[in-house]
There are 2 protein chains.
Amino acid sequence: MPNATPATAHNALLLDQQLCFALYSSSLAMTKLYKPLLEPLGLTYPQYLVLLVLWEGDGCMVSELGERLYLDSGTLTPLLKRMQTAGWLQRQRDSDDERRVRVYLTEAGRQLREQAAAIPACVLAHSQCTVQELQALTQQIQQLRSRLAAPLPAAS
Amino acid sequence: MPNATPATAHNALLLDQQLCFALYSSSLAMTKLYKPLLEPLGLTYPQYLVLLVLWEGDGCMVSELGERLYLDSGTLTPLLKRMQTAGWLQRQRDSDDERRVRVYLTEAGRQLREQAAAIPACVLAHSQCTVQELQALTQQIQQLRSRLAAPLPAAS
DNA sequence: CCCAATTAAGTTGCACGCAATTTAATTGAG
DNA sequence: CTCAATTAAATTGCGTGCAACTTAATTGGG
C-alpha cells in the first residue's frame, strides 16, 4: 500500500483533477483505439493524420502540412520519407523555389481513402456518443487548443 | 496552392472534424505550454505526471504507477531511471517479493512540490476558463477515455 | 516437493515530437 | 550587383510510448 497523502495536499495537484492528464491519457487511448484499425492499412496514427490532410488536397508544402498538423519539419521529414518508401506519396522539390518540397499522393495513397472511410464509424461506436455530442466536445477541445497555443493576453 | 478537395469528399474524414485530432493536437499544445513551466524544475512532462502520483503517496510499485498513468514498464522503467539519476526518487526491490520495485520520493523530490504548486494557476489562466468549466471539460474527457479504453460492448 | 504457468520489471527496436543546428536557396538593403 | 539576413527542409540528439521479448521471482496443481 502506497504511503498516504499528507493532509497538506494541494488539491490542484491531484492527478485526476488535471485537465492536462485527461487530455494526455485520452489522446493515448485514442491512438491505441486507432492502432488495430490502421494496422491493416499499414499506417501509423500520425501517418493517418498526414493522409487526412492530403486527401483534402495534395501538393502542399511540408511547412503547410506542419501548420495544419501542428508539427515541425523535424517530425515530418522522416515521417514523410517513410510514407514515400511505403508508396503512399511522392516528395518533389518545387522548381519555382528549390527550398520548398511539395507532397503529392500516389494512386495507392489516394485509394487508401476508401479503406479508411469505415474508421470514423468505429470510433463513433466506441465513444458511445451521438454525432452531435462528439461535435460539441471536438469544438470545446479545439477552442482550448487555440487558447493554449496563444501567448497569455497582456494584463492591460 | 494545394490541389482542391474533390466533390466526392467524405465529410467524416475531414481533419478538423475529427475528435481524435482535436485531442491529439490539444495534448501536444498542453505539453508545449507546460514545457517552459517545467524547465526551471528540470522536469519533462511525463516526469511531472509521475511526481503528481508520487506526491499523492509514494512507495507504490512500477505497475501501480503504470495503471494510474496508463503507461507500461517499457516506458516507465527508463523514465524512472532518469528521475532517479536526477535525484527525485529511489527505486527499491520489495524484500517480500523480489519481482516488485517500489518507488520512493527523495527529500528533493518531495520539495519540488512547492515549486510545482504555482503551475495549475498558469494553465488555468491560459485556458481563459473558469475552474468550473475546466472541471466539466476534464470530466467529459475522462468519460471519453474510459469508453475508448473499454472493448466495444457486445451487440446483444 | 517439483516444475510448468504466471507475474513484475527490464530490454530491444522502432516511430514519433521537438529543440537546436545545419544546409541550401531566396530575398532585399545599400 | 552583392552579401548579409531570411526562409524551408533536413539533420542530430534525446525523451518518450509501445510491441515483442527476456529475465527473474513466485505460485500452484499434481
Check the interface with nucleotides 17-20 of chain C: list each N/O to N/O pair with the protein under 3.5 Å, or write none.
{"from": "C:dG17", "atom 1": "OP2", "to": "B:Tyr24", "atom 2": "OH", "distance (Å)": "2.3"}
{"from": "C:dC18", "atom 1": "OP1", "to": "B:Lys32", "atom 2": "NZ", "distance (Å)": "3.3"}
{"from": "C:dC18", "atom 1": "OP2", "to": "B:Lys32", "atom 2": "NZ", "distance (Å)": "3.4"}
{"from": "C:dC18", "atom 1": "N4", "to": "A:Gly74", "atom 2": "O", "distance (Å)": "3.3"}

Spell out, yes or no, whether A:Phe21 and B:Val123 are grouped together once hydrophobic residues are joined by side-chain heavy atoms under 4.5 Å, including indirect joins. yes

Footprint ends on DNA chain D, 5' to 3', for atoms under 4.0 angstrom from a heavy atom of chain B, come out as D:dG15 to D:dT26

Residues of residues 82-100 of chain A with a heavy atom under 4.0 Å from any atom of DNA chain D, listed by number, are A:Arg91, A:Arg93, A:Arg99, A:Arg100

Donor-acceptor pair, A:Arg147 side chain versus B:His126 backbone, under 3.5 Å?
no

Report all side-chain donor-acceptor pairs from residues 80-87 of chain A shorter than 3.5 Å, counting only partners two or more places apart or in another chain.
{"from": "A:Gln84", "atom 1": "OE1", "to": "A:Arg91", "atom 2": "NH1", "distance (Å)": "2.8"}
{"from": "A:Gln84", "atom 1": "NE2", "to": "A:Gln90", "atom 2": "OE1", "distance (Å)": "3.4"}
{"from": "A:Thr85", "atom 1": "OG1", "to": "A:Lys81", "atom 2": "O", "distance (Å)": "3.0"}

Min side-chain heavy-atom separation A:Ile141-A:Leu137 under 4.5 Å:
yes

Query raised in the report: Looking at side-chain heavy atoms only, is the closest gap between A:Leu112 and A:Leu43 below 4.5 Å?
Result: yes

Note to self: Looking at A:Gly109, is its backbone amide N or carbonyl O close enough to the side chain of A:Thr106 to form a donor-acceptor pair, meaning the two atoms are under 3.5 Å apart?
What the structure shows: yes

query: Sub-3.5 Å donor-acceptor pair from the side chain of B:Asp72 to the main-chain atoms of B:Thr75, do we have one?
result: yes

Output a table of donor-acceptor pairs, distance under 3.5 Å, between side-chain atoms of residues 27-36 of chain B and any protein atom two or more places apart or on a different chain; print 'none' if there are none.
{"from": "B:Thr31", "atom 1": "OG1", "to": "B:Ser27", "atom 2": "O", "distance (Å)": "3.1"}
{"from": "B:Lys32", "atom 1": "NZ", "to": "A:Tyr70", "atom 2": "O", "distance (Å)": "3.4"}
{"from": "B:Tyr34", "atom 1": "OH", "to": "A:Gln18", "atom 2": "OE1", "distance (Å)": "3.4"}

Residue pairs passing the salt bridge (charged side-chain N to carboxylate O under 4.0 Å, His left out) test with at least one member in residues 15-27 of chain A, sequence neighbours excluded, are A:Asp16-B:Arg68

Here the distance between atom C1' of C:dG10 and atom NZ of B:Lys81, to the nearest Å, is 7 Å

**Message:** Strictly distance-based, threshold 3.5 Å: is any side-chain N or O of B:Asp94 a donor or acceptor partner for the main-chain N or O of B:Arg100?
**Reply:** no

